[in-house]
Amino acid sequence: MSSHILSLLVFTPVVGAVLMLIASQVVKKDKANVYKWIAAIITGIQLLMAIWLYGAFDPAGGIQFIEKASWIPTFNIEYFMGVDGLSMPMVILTALLSFIGVISSWKINKSVLGYFALFLLLDAGMMGVFVSLDFFLFYIFWEVMLLPMYFLIGIWGGPQRQYAAIKFFLYTLFGSLFMLLAMLALYFNTEPHTFNLILMIQSASTIDATVWGISLKLLIWISLFIGFAIKVPIFPFHTWLPLAHVEAPTAVSVILAGVLLKMGTYGLLRINYPLFPDQVVAFATFLATLGVINIIWGAANAIAQIDLKKMVAYSSVSHMGYVLLGMAAVIAMNPAGAQAGMNGALMQMFNHGTITAMLFLLVGVIYDKVHHRYIFFPKDYHDKELAGKQGFGGLASRVPVYAGFVAVAFFAGLGLPALSGFISEALCFLGGFSVNETFLGEGSIIRTLAIIGTLGILLNAIYFLRAYQHIFFGKLNEKYADLSDMTKRELFTVIPLAILVLWLGVYPAPLLDLIAPTMEALINTIQSAF
Amino acid sequence: MNILTLAFIVLFLPLASFFFQIFFGKRIGRNAHWFSLIAIGITLGIAISFVANIFLGIQGPMLEVSGEWFTTGDFTVNLGFYIDNVAAIMMLVVAIISFLVHLYSTEYLRDDIRYTRYFGYLGLFTFSMNGIVLADSLIMMYVFWELVGLSSYLLIGHWFEKDSAANANKKAFLTNRVGDIGMFIGIMILFFQLGTFNIQGLAEGVYFGGFDGNMTLLAIAGVLVFMGAVGKSAQFPLHIWLPDAMEGPTPVSALIHAATMVAAGVYMTVRIFPILPPSALEVIAVVGGITAIFAAIIAITQTDIKRVLAYSTVSQLGYMIMALGVGAYQAGFFHLVTHAMFKGCLFLASGSVIHAMHHGLHKINDHHTDPQDMRNMGGMKSKLPITYWTMLVATLAISGVPLFSGFLSKDAILAGTLAYFNTHHGWTIFLPIAGFGAAIITAFYMFRLIFLTFHNEPKKPEIYEHLHESPMAMTTPLVILSILSFAFIFTLPHLNPIHSEGWFTHNVPMVENVGLDIKSVKEEIDHAHGSAMTISLIVASLGIALSFLFYYFRKVNVKKLTTTLDKVGLYRLSLNKFYIDEIYDALIYRPFLWLTKMISHIDWDLFDQKFIDGWGWLTLKASEGSGYSDYNWLDQKVVDGFGKLTKFFGRKFRLAQTGVIQNYLMGGVVGIILIFVIIQSF
């Protein structure tokens, strides 16, 4: 099993989708349930495999579980997969959130077959992105994932689903185009021509071509950066996110925020960083600046939102900013600072995945019950009676379990110690703050940027506490006097995440031990290139 | 058991109480409080045993241990315990008040709908607070710092159905976060300069020249870390959350917002005192001085019994901070301890009063009268004798009357400010003025509280008839705390009422400081002691006497006086708390909310809908245009044009299709000739 574990991880969901198609012909009654169970079992198996992989993985062992075969020999395209400390947490996150996503989709009743089949394809695409080490293969999976996402938002989404779906699709496609160009430029400018990322990285430094007088390295780096920045999303490419998150069905929002956004920063770390260390150094301040803008701009927007889901969506923009700030610390002179920042960034990717997944699941729980999610109804709401009024109010006394889990998620979101978000955010700040001198001995303003970024500590608390107050505190809104608390199924989706958030907040060592050697190697790659 | 095990028990037993109450409390019901009581009782026992160690004459830290929390290779964070005399005493203070508040709450919240959850939160608080006390590093302190913030949030919001409570807990958390940002940045500066979070390690690093040549940076770092204390200990200008925090149940106010949590800021400053350079201490002294006098002035005019005590707490915390700022390290910590006892007593006593009022109002079915407004009280002395006498003792203590604990600690602080002025001169006269000024005002408003509540005729006789003394579980803590407000507790084995020598001062030794010659500071303070004591006796008597005149004998027409004072706005200024809340609201909060609305507008309505979608629109238009030209021009005109052309020629050529064979032959021959001609020409 171990020699093909990655292929199994990627293609098990595809097998699941095929099984569903067969079932649609074979099974006569209660088809919907069959599809659901197939999806649940398949993603469950995938999760078990991911856990097995975690157990068998050696953090200090570099790239492991390699699968390599020639695929399209004419162009030196290989079927090349492997995992290291960078991809390992993402693989676990993808498997976990896919499984939870399926469980939370149990109540989908609109063309069930299509929904779950597409969901599994999406799962396969994401997993493929995180384990591919051939750029071409990476690109294929990157695009493969796009299409199911488009349909999942466009068919099963909210009122503006089609607009949201097309916007998401075109925006991402726009980014992919840059990535494709960069990939081809790399292919033709490295010797031997290859898509193998490891080989590409080794020979990329020899590129010295120019286009219209601009260094090709720079152009490639920027193209890749744009492609990944849109996914993160980095300001100003972020506006597809609130719309897509809000319109998508709950499970898809979970996947979008929990996994898809990470692909952007994953791509930066996997490809941009090792490819051109000199560009990374040149762009580090720029990255940190964008990170701080993300933190503050995202949080400021979240404060202004009256739609709970939109607020959570903007909080993602803010939280992904921490990742960028931490990543910028790679150029720190102080090794402790560089490691804090880089490890913090990757931890934040994982932790934000679990926290935001919880947030979206919980928003979904209340939406399913009351069919709106307004903290305050908009001033131009169609129901004149409700316009401008508080949407909920006093729910804590009616649904204490729900209130408790939302409190855990919100406090994790605002970075309370003992919950996982705190550690990764603090590490990102420490990393950014350490860069008052780069490893080349030059002064840097990243420390100042990090100080400005700490404003996020306050801003993120403002919107979470404000929302909590208006939803759960005050007199119980009479409309919700009969509201029921969370069901067993809903608890089943949230509890594992809550445990993970608490566990990694109290004892982050397992995650850090998993990633630290890879991050250290990456820092060395960058810093030893000079 | 060794000390490490005991330290673990002290820390985690209250946490166990939290989890127990959250998961099982509701099922067990009211009796669940026994679990919490026993858990806190055990921590109290351990804390007593720690302090007993002090009497055994053990010098230096009892426990200094740390272990790795996580590491990335070069970057490692450790967690550990550091227990010295200061920590042991602090732990005892927390345990005493926490235990008594647990006991008191069994009656005070008897019929509360979230009774067990309340006890759970108390456990969570005690856990977090002990974490701060035991912490050996700033990062660990920061972690528990935030966790006490959480427990405070939960407890202020215990009665979250009230909008005022829901506003108050949010305000408390956010205001504290402002200070925490500073603290966090300060910690980062210290870490990257000295390479450790460990407090002892930081002190060593500073002494071994970690900041050499850059004392300004050290001062900045010190003031930034101190910002955390400004938030937590409700110092000006971040004091605004504490009075609002009184929305929480009164025992919570006693435990968290008077005796322990708000003192955490002072405790933390005590901990980092060795690394604070004189310029940072100067800032700290001024902040404390302003807070002390400013909050005292506000307390004069408040009518809500808890609000008076809240502002009094702010003022007293200012005292402690000021003491640390002027280098009177011992005095500041001493006042923390004495204040915890008498302020805990005052709050619990006020709770007893409110409890009685509440029941009285309940009896006569009155749901409008405010049970906390002193204008509805009066004459309660005979109805609530235990409450009265214990509260009186605590009032004497806070007013700085000899024989009571406050006299000793306050006196030491005032001596510190005098000594500071004696060595620095100039503007530093402000510090003793603030100190003595606050002392006179404190004596005045505290006796005002006593007189309005307990003396003279009852203002609302109909309620008065139904008043009863509180049950044992509530009065016992009062009695214990009032006994702990006597001076002899702290001067044992010496019993000289005006001499502050005793176990306490012996066992909280002066520590070294990076910029101060601590020995000469101590000498100066000792030198100023005599005059400080004389002045403080005079101001305390003056304050009490004025209060007697105003509120007991009523020789002064208070109404008339306030109207006169109000002609220049003085009364309103105090009553409205110097309008600080309004100023923040108008200058910061509202503009900020407006700004976020604008940002959201820019982000979505302008940037996304206009600019980003503009590209979509452009593309759409461009493709429409190309679609139009594609069809109308390329297809209809060019492509179809060819068709039409062919058709045209076809039509023309059709004329040539005559059907006459000779014509075709003729054409063929002409064609062949033409081809030959063309080929030949090449």
Side-chain angles (χ1 to χ4, degrees), chain A residues 167 170-171 236 238-240 242-243 297 300-305 334-340 342-343 394 396-397 400 404 411 415-418 422-423 426-427 429-430 433-434 436 450-451 454-455 457-458 461-462 465-466 468-469 472-476 507-509 512-513 516-517 519-520, chain B residues 22 26 68-77 113-114 117 139 142-147 149-150 153-154 157 160-163 165-167 169-170 173-174 177-178 180-182 184-185 188-189 191-192 195 592-593 595-601 603-604 607-609 611-613 615-616 619:
Chain A
K167 189 164 191 162
L170 289 180
Y171 223 134
H238 64 286
T239 53
W240 63 267
L243 187 72
W297 189 264
N301 271 297
I303 292 170
Q305 300 310 317
N334 186 328
Q339 287 178 11
M342 288 292 277
N343 283 291
S397 54
F411 276 102
L416 189 82
F422 166 74
I423 310 235
L427 287 179
F429 278 131
L430 279 160
F433 190 86
S434 74
N436 65 338
I451 291 173
T454 53
L455 204 59
I457 297 177
L458 175 67
I462 291 177
L465 292 189
R466 227 165 71 95
Y468 201 83
Q469 176 188 3
F472 293 103
F473 292 159
K475 277 212 169 54
L476 177 63
Y507 188 58
L512 267 175
D513 293 345
M519 289 291 109
E520 195 174 348
Chain B
I22 294 297
K26 221 170 186 175
E68 184 186 294
W69 186 19
F70 58 82
T71 180
T72 66
D74 291 311
F75 176 77
T76 303
V77 178
I113 44 166
R114 287 182 288 271
R117 184 131 34 118
I139 200 83
Y142 185 84
V143 165
F144 285 100
W145 194 262
E146 293 278 295
L147 289 179
L150 171 70
Y153 175 85
L154 295 170
F160 57 73
E161 285 89 349
K162 286 193 294 180
D163 282 331
N167 281 322
N169 68 355
K170 181 181 66 176
F173 197 92
L174 294 180
R177 276 239 150 164
V178 175
D180 294 351
I181 289 178
F184 188 68
I185 296 173
M188 291 200 290
I189 294 177
F191 175 77
F192 285 111
F592 174 73
L593 280 190
L595 188 68
T596 62
K597 289 243 155 53
M598 280 317 290
I599 285 175
S600 167
H601 179 68
D603 192 68
W604 187 252
F607 179 67
D608 182 78
Q609 294 294 301
F611 182 71
I612 298 291
D613 282 13
W615 286 102
T619 322

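Since the structure is predicted, the reported quantities are computational estimates derived from the model, not experimental observations. Residue numbers start from 1 in every chain, and the chains themselves are labelled A, B, ... in the order their sequence lines are given, proteins ahead of strands.
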side-chain contact (heavy atoms from CB on, under 4.5 Å), that's the test. Do Leu416(A) and Tyr153(B) meet it? Break it down for me. CA-CA 12 Å; Leu416(A) 189 82; Tyr153(B) 175 85; over 6 Å; no
Find the one option among Ile113(B), Leu595(B), Asn169(B) whose heavy-atom pairs under 4.5 Å with chain A are most numerous. Asn169(B)
Which residue out of Glu146(B), Lys170(B), Arg114(B), Glu68(B) racks up the most heavy-atom pairs below 4.5 Å with chain A? Lys170(B)
Using the ring of each side chain (for Trp, its six-membered ring), is Phe173(B) parallel, tilted or perpendicular to Phe411(A), with breaks at 30° and 60°?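 Perpendicular.
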Atom of [X], atom of [Y] and distance for their closest heavy-atom approach:
X	Y	value
Thr72(B)	Ala340(A)	OG1-N, 4.5 Å
Ile599(B)	Ala300(A)	CD1-CB, 3.7 Å
Gly474(A)	Asp163(B)	CA-OD1, 3.5 Å
Gly415(A)	Arg177(B)	O-NH2, 3.5 Å

Counting distance only, does the side-chain N/O of Gln339(A) pair as donor-acceptor with the main-chain N or O of Asp74(B) below 3.5 Å?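 Confirmed, Gln339(A) side chain pairs with Asp74(B) backbone.
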One pair to check against side-chain contact (heavy atoms from CB on, under 4.5 Å): Ile462(A) and Leu174(B). What are the steps and the verdict? CA-CA 7 Å; Ile462(A) 291 177; Leu174(B) 294 180; 4.0 Å; yes
Take Phe192(B) and Leu430(A) through the test side-chain contact (heavy atoms from CB on, under 4.5 Å) and record every step on the way to the result. CA-CA 9 Å; Phe192(B) 285 111; Leu430(A) 279 160; 3.8 Å; yes
Give the member of Pro508(A), Pro517(A), Pro417(A), Ala461(A) that has the highest number of heavy-atom pairs under 4.5 Å with chain B.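 Among Pro508(A), Pro517(A), Pro417(A), Ala461(A), the one with the most close pairs to chain B is Pro417(A).
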Between Pro335(A), Pro400(A), Gly404(A), which shows the greatest number of heavy-atom pairs under 4.5 Å with chain B?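 The candidate making the most pairs under 4.5 Å is Pro335(A).
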Contacting region of [X] [heavy-atom separation from chain A under 4.5 Å]:
X	answer
Gln609(B)	side chain
Phe592(B)	side chain
Leu154(B)	neither
Asp180(B)	neither

Residues which pass side chain to side chain contact (heavy atoms under 4.5 Å, CB included) with Thr454(A), listed by chain and number, not counting sequence neighbours: Phe429(A), Ile457(A), Ile181(B), Phe184(B), Ile185(B), Met188(B)
Which residues share a side chain to side chain contact (heavy atoms under 4.5 Å, CB included) with Pro236(A), sequence neighbours left out: Phe607(B)
Segment of Leu170(A) engaging chain B (4.5 angstrom heavy-atom cut-off):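 For Leu170(A), neither part sits under 4.5 Å from chain B.
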Chi angles and distances behind the side-chain contact (heavy atoms from CB on, under 4.5 Å) call for Trp604(B), Asn301(A): CA-CA 9 Å; Trp604(B) 187 252; Asn301(A) 271 297; over 6 Å; no
